[in-house]
Structures are given as C-alpha cells and as structure tokens.
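A short worksheet on the structure shown next.
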2 protein chains.
Amino acid sequence: MSTANSSASAPQLQPPGCSIEAALEIVRDRWTILILRDAFRGIRRFDDLRRDLEIPRAILADRLRSLVESGVFVKRQYQQRPERFEYRLTPMGMELSPILVSLMQWGDRWLSGEEGPPRLLVHEPCATEIDMSFYCWTCEEAFTPSQISSQPGAVTAPAVHSQPALQSRPAVQSQPVLQEGDLKNNGATKS
Amino acid sequence: MSTANSSASAPQLQPPGCSIEAALEIVRDRWTILILRDAFRGIRRFDDLRRDLEIPRAILADRLRSLVESGVFVKRQYQQRPERFEYRLTPMGMELSPILVSLMQWGDRWLSGEEGPPRLLVHEPCATEIDMSFYCWTCEEAFTPSQISSQPGAVTAPAVHSQPALQSRPAVQSQPVLQEGDLKNNGATKS
DNA sequence: CCAACTAAGTTCAATTTACGAACTAGCTCA
DNA sequence: TGAGCTAGTTCGTAAATTGAACTTAGTTGG
C-alpha cells in the first residue's frame, strides 16, 4: 500500500521490489497468521476457525477470501446439500511453515515463562526438536545474522544474459545486511 | 488482544499459551515488520525510517515505542544538543532474523516475477546462498512441514518435577501438526 | 540577528478498518 | 414444527490509520 501499486486488475505484476513487502501483502496481519497456524494444525472450516480464534466472522470471511485469491488456500466443497466448503493449504501455503516455525521459536525463546515453551516442534520420524537457526553448507557451521549479507539478485531492467547460477564466490558488490556493532552493545540477554 | 491480557503494568506474565500468538503481540503488523527489515539493513533513525518506509510519523513513533518497550530495540542517544536518538536491535531483536528471512524467501519463491528474486541473502564469508528449509540433524535429511509434529512442552499447571530434558525418543502423545493429504491434492505448483 | 533547515516527535480531523451483534440461507434431525 | 448447524452477510459503533500541520531544540548561512 505504501509502494503504490496502481493497476488493480492484474495481480502480482510489478512486484514491490522487496520480497518481504511482497510477502506481507499476502500475509496481511495477525489474524491471517493465526488462520495459517490453525490451518497447519488441521483446522479447515469456517466455524472451527471462528470458534478457535474467536475472530469476528466478517474478518474471517475476508481473510479467507483473500488467502484463496492469492493462492495460499484452495476452497473445496466437502459436502453438498447444503453446500459446505473447507479451506486447504496449497503447496504455496504449506511453504509458509518456516515463517510460523520461526515466529514460534522466537516466542518460545524470548517470551515463554519459567515453565518453558508451551509446545515443542519435532521431526516426526525421530522426535528431534526442530531448530531454525542459520547453517552454512559450504562452511559447515552455524552462523548469526551479522554474517548475512545481501547481493543483487535479478536486475529490474531486462536481463542481458541468464547468469550461470551463483556458485563458488560471486564477490560482486555485496552489502552487509547488518552493521558490526549491532550484536555487541546493550540490551537484555537470555540463556 | 483477543486473548484478554488484563494487568497492564506487568509485562509478559501469563503467556498466551501459544508462542506464535505471543510473538505476534510484539511483531504487531506490517509496519513493525518493515521497520525491523530496515533495522537489519542498518537504518536506525526516526527520519531515515520515515523516509524509507513512507510511514506516517505517528505510527512510526508508536511502533518504535512499542518495540523498545518489548525489548526488541534499545533507544540510545547518538548526539546531545539537540538530543537525538537511534534505535538499535537488541540480541532479542536480532533473533527475529529467521522470521524476516523466511518471509523473504517465501516471497522470492512464490511472488517474484520472471526475472527472479530481487535480492539474495548469502553467508558472507563464503557467499553461499541462505536456505531456511527444514533439516533434521538426527536423520540427516531435509523434510517437509508434513513431517513436523508437536508435543506438549511445559505444562501450564505448576510443574511437579523438573523434566529430565527431552532427549532421544519421548514418544509421548505427539500430534501431527499437519494431516496427511494437505501436501497432496490441488493448488498451484511452482518450480 | 534573521531565515531556513534538520531531527524527532505530537496533535488533530477525516477516513478506513475492526468489532460484535443480529440476521440470512439452506439444510438436518427429533 | 421447531431447534440446530454451517457459512456467511449486514450494520452501527469503536478503534486505528493517515496526512497535514505544528512543536521543540538546535544548527547553518548570509
């Protein structure tokens, strides 16, 4: 909404330049995220969602409509007479899970009380706890966000040649996402 | 706000039972997330944020106040006469990065046009692209969200005994987070 | 000295959005 | 016949957002 997106009809033409902004246009607000959380829990129906979230009906209807429109959910009939529908995650929707898991793990780590996190997520086959911190497959080590840097992906102007993938060391103008000194200094520490 | 949190003074007493909900009370909305994105880019000052985001001043002030209050930012003076402040991520704030990275990667994958994602995130020392999908250190394999299950962490009632940590195979009542059949079925596919 | 400018806000009226309660539609069950 | 269920819509009020103007405190230029 801030980055003006004039043409109303064609959706997703002219992506907002930042994928976070683009994602946020679909993952609109708190309610949307809570709906998604419930979807991952297997709650698929209007009234089940409404009861579980205590969300106003009008808002639930609106968010579901919007999520279907953007391809995160499919609305499918599960019974005729009377017609009843449920909302199921598409593959696009399923892939939102890292966002939810990250949110949950951050909440677990920084907001849960003495008793520890309310629920744990595990890899089902082996019950190993899921951990979403950063790991580099080249260096074979975990790293902190201060070691993340960003580099231009696609050029907005028509690409001159298809780049030969990013392998080894591009070494092009990469800018540190995070200045040094951010990790140091003050602020509460935990664990 | 839906899950009533009566006492205003004491913060974070009575966590909302779900860490996602708890996290969302701090990561309130689109603006907050965009402010955080900019913070990770090194933008620290009121007017720089305002210019970059084109966010209404009142909202920026409110969100910064709220983020400082919750411990995500520290407000620190960078000059006297006139007094000027900047907002810096605390360690708690830094750890929000997986959420932003997940959002960005989802946007990259599902919302970017023909030209591909606008920017790539890489591990600075080696320029390896960052990938936030799930990986199990026990099974030594990547897995999809359908293999995530959740199990009770802390009990809300006073803990009877400190549990001997979760190791090997708890095997207690774990419920699949995602029903089978969610991954299958319809919906757009990509890549 | 005066005017213009900067940074970090606050205040205010107008608009938008959210909220809760009531209502509708279509059907089932007793 | 009447109550109940699911999936909504409608509507009046309450709250949040928005953009513009104003404030405070100091700096810079002429």
Side-chain angles (χ1 to χ4, degrees), chain A residues 1-6 8 21 24-36 38-39 42-70 72-88, chain B residues 1-6 8 16 21 24-36 38-39 42-70 72-89:
Chain A
M1 198 150 282
S2 69
T3 318
N5 203 355
S6 42
E21 270 178 66
L24 287 175
E25 253 167 64
I26 290 175
V27 179
R28 288 164 47 178
D29 61 353
R30 209 180 81 89
W31 284 129
T32 310
I33 296 175
L34 292 175
I35 290 167
L36 289 167
D38 275 14
I43 302 179
R44 305 195 212 289
R45 298 183 185 175
F46 192 93
D47 252 47
D48 291 340
L49 286 164
R50 198 193 54 73
R51 260 192 300 274
D52 187 69
L53 299 175
E54 297 181 273
I55 182 178
R57 291 164 179 281
I59 292 186
L60 178 55
D62 176 74
R63 296 300 186 276
L64 288 173
R65 191 162 29 240
S66 149
L67 287 169
V68 167
E69 216 175 296
S70 49
V72 169
F73 279 141
V74 267
K75 183 177 184 175
R76 47 137 68 189
Q77 201 168 35
Y78 69 87
Q79 118 183 346
Q80 297 166 308
R81 338 212 56 236
E83 284 188 333
R84 290 288 180 263
F85 299 92
E86 62 181 10
Y87 298 87
R88 280 170 169 267
Chain B
M1 199 151 279
S2 69
T3 318
N5 203 353
S6 44
E21 269 178 67
L24 287 175
E25 253 167 65
I26 290 176
V27 179
R28 286 165 45 179
D29 61 355
R30 208 180 82 90
W31 284 128
T32 310
I33 295 175
L34 291 174
I35 290 167
L36 289 167
D38 275 15
I43 302 179
R44 308 193 210 289
R45 296 180 186 177
F46 191 93
D47 253 46
D48 291 339
L49 287 165
R50 198 192 55 74
R51 259 192 300 274
D52 185 70
L53 299 176
E54 298 181 273
I55 183 177
R57 293 165 176 283
I59 292 187
L60 178 55
D62 176 74
R63 295 301 186 275
L64 288 172
R65 192 162 28 241
S66 150
L67 287 168
V68 167
E69 215 175 294
S70 48
V72 168
F73 279 141
V74 266
K75 183 177 184 175
R76 45 137 70 187
Q77 201 166 36
Y78 68 88
Q79 123 184 340
Q80 297 168 308
R81 339 215 55 239
E83 284 188 333
R84 291 285 180 265
F85 299 92
E86 61 181 11
Y87 298 86
R88 281 171 169 267
L89 288 164

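Model, not experiment: these values are computed from the prediction. Order of the sequence lines sets the chain letters (A, B, ...), proteins ahead of strands, with each chain counted from 1.
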Revision key, fill the gap. Between B:R50 and B:L60 the two heavy atoms that sit nearest each other are N-CD2, 3.7 Å
**Study point:** Side-chain N or O of A:R65 closer than 4.0 Å to phosphate OP1/OP2 of D:dT9
**Key:** yes
Review point. Can you tell me how far P of D:dG8 sits from CD of A:E86, to the nearest Å?
Key: 12 Å
Point to revise | Qualifying residue, where the test is side chain to side chain contact (heavy atoms under 4.5 Å, CB included) with B:R30 and the options are B:T32, B:I33, B:L34 | key: B:L34
Exercise for review: Indicate whether OP1 or OP2 belonging to C:dT17 is found under 4.0 Å from a side-chain N or O atom of A:W31.
Suggested key: no
Exercise for review: Identify whether any heavy atom of A:R51 sits under 4.0 Å from a base atom; if not, whether one sits that close to sugar-phosphate; answer base, sugar-phosphate or nothing.
Suggested key: sugar-phosphate
Practice item. Check whether more than 12 heavy atoms from other residues, nucleotides or ligands sit under 6.0 Å from atom CD of B:Q79, and answer yes or no. Key: yes
Review point. Atom CZ of A:R81 and atom P of D:dT6: how far apart are they, to the nearest Å?
Key: 18 Å
Practice item. Using the side chain to side chain contact (heavy atoms under 4.5 Å, CB included) rule, pick out the option among A:V27, A:D62, A:I35, A:V74 that qualifies with A:L67. Key: A:I35
**Study point:** Separation of atom NZ in B:K75 from atom P in C:dA8, rounded to whole Å
**Key:** 9 Å
Check your understanding: In whole Å, what is the span from the CG atom of B:L60 to the P atom of C:dA7?
Key -> 14 Å
Exercise for review: Mind calculating the distance between CG (B:D47) and C1' (D:dG26) to the nearest angstrom?
Suggested key: 15 Å
Exercise for review: Assess B:R44 against B:Y78: is NZ or CZ under 6.0 Å from the centre of the six-membered ring, and within 45 degrees of the ring's axis?
Suggested key: no
Review point. Considering only heavy atoms and no angle criterion, is a donor-acceptor pair shorter than 3.5 Å present between the side chain of B:R57 and the base of C:dG9?
Key: yes
Practice item. Could you tell me whether A:R50 contacts a base, only the sugar-phosphate backbone, or nothing, with contacts defined as non-hydrogen atoms closer than 4.0 Å? Key: nothing
Review point. Just how far, in rounded Å, is C1' of C:dC12 from CD1 of B:I59?
Key: 14 Å
**Study point:** A:Y78 side-chain proximity, nearest of C:dA7, D:dA7, C:dC19
**Key:** D:dA7
Practice item. Can you check whether any acceptor in the base of D:dA7 is under 3.5 Å from a donor in the side chain of A:R84, or vice versa? Key: no
Revision key, fill the gap. When rounded to whole Å, the CD to P distance for the pair A:Q77 and C:dC27 reads 11 Å
Revision key, fill the gap. Closest to the side chain of A:A61, out of D:dT17, D:dG8, D:dT18, is D:dG8
Practice item. Please report, rounded to the nearest Å, how far the P atom of D:dT6 is from the CG atom of A:L49. Key: 12 Å
Exercise for review: Respond yes when some side-chain nitrogen or oxygen of B:Y87 is under 4.0 Å from OP1 or OP2 of C:dA7, and no when none is.
Suggested key: no
Exercise for review: Nearest-nucleotide wise, let me know which of A:D29 and A:P82 is further upstream toward the 5' end of DNA chain C.
Suggested key: A:D29
